[in-house]
Amino acid sequence: MVPQGRKPESTPLSLAVDRTDPGAPLVRIGGDLAYATARPLRLEVDRLLAEHPAVLVLDFQELLFIDSTGLSLIVHAWREGQQGGTAIQLRSTPRFLDTILDMTGVTGLLARPLLATPPGTGDAAPTLHRPAAAG
């Protein structure tokens, strides 16, 4: 979904990480999240998920464009979060992103309860976490 007269991937991706709450780091994402720009966000998401916070918050208030690579990065974060016990919360999603998430079923995926065995517990019973409501 690109506004008329605007080329996709014409605005560089911007990232800002706020670690004020170590249990819920916040990544602010702006510009174009697309094939040519997604790598820095993927690396940051993987780095943050490796720390196993309770929640990883992705704030899309400044997002201008997203393609299938950007969408797959959100699904990747969810999948990795499931495995490591981290809920993924999307915040300040623009209307176009809400539409894409709904049409592709990703909204429902993100709403699923988090079932994960905490890191280092082996065969311990899974714990149930509910992601915080998007705001």
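Nothing fancy with the numbering, it's 1 onward along the sequence.
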4.5 Å side-chain heavy-atom contact, [X] and [Y]:
X: Leu33; Y: Phe65; result: no
X: Ser14; Y: Ile29; result: no
X: Leu15; Y: Val27; result: yes

side-chain contact (heavy atoms from CB on, under 4.5 Å) assessment of Thr69 paired with Thr37: CA-CA 9 Å; Thr69 301; Thr37 63; over 6 Å; no
Nearest heavy atoms of Ala77 and Val45, plus distance in Å: CB-CG1, 3.8 Å
Shortest non-hydrogen separation from Pro22 to Thr20 and the atoms involved: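 Heavy atoms of Pro22 and Thr20 come nearest at CD-O, 3.4 Å.
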How many angstroms lie between [atom1] in [X] and [atom2] in [Y], if you round to the nearest 0.5 Å?
X: Ile100; Y: Arg95; atom1: CD1; atom2: CZ; answer: 13.0 Å
X: Leu49; Y: Glu80; atom1: CG; atom2: CD; answer: 7.0 Å
X: Ile88; Y: Leu58; atom1: CD1; atom2: CG; answer: 6.0 Å
X: Leu41; Y: Asp46; atom1: CG; atom2: CG; answer: 9.5 Å
X: Leu71; Y: Leu101; atom1: CG; atom2: CG; answer: 6.5 Å
X: Arg42; Y: His76; atom1: CZ; atom2: NE2; answer: 3.5 Å

Donor-acceptor contact present, side-chain [X] to main-chain [Y], <3.5 Å:
X: Asp32; Y: Leu13; result: no
X: Trp78; Y: Leu109; result: yes
X: Thr86; Y: Pro53; result: yes
X: Asp67; Y: Tyr35; result: yes

Chi angles and distances behind the side-chain contact (heavy atoms from CB on, under 4.5 Å) call for Leu90, Thr107: CA-CA 10 Å; Leu90 306 188; Thr107 299; over 6 Å; no
Arg19 and Glu44 ion-paired at < 4.0 Å: yes
With sequence neighbours excluded, residues passing side-chain contact (heavy atoms from CB on, under 4.5 Å) with Pro94: Phe60, Leu63, Phe96, Leu97
side-chain contact (heavy atoms from CB on, under 4.5 Å) partners of Asp98, counting only residues at least two apart: Thr93
Residue from Val55, Val17, Asp21, Val57 passing side chain to side chain contact (heavy atoms under 4.5 Å, CB included) with Leu26: Val57
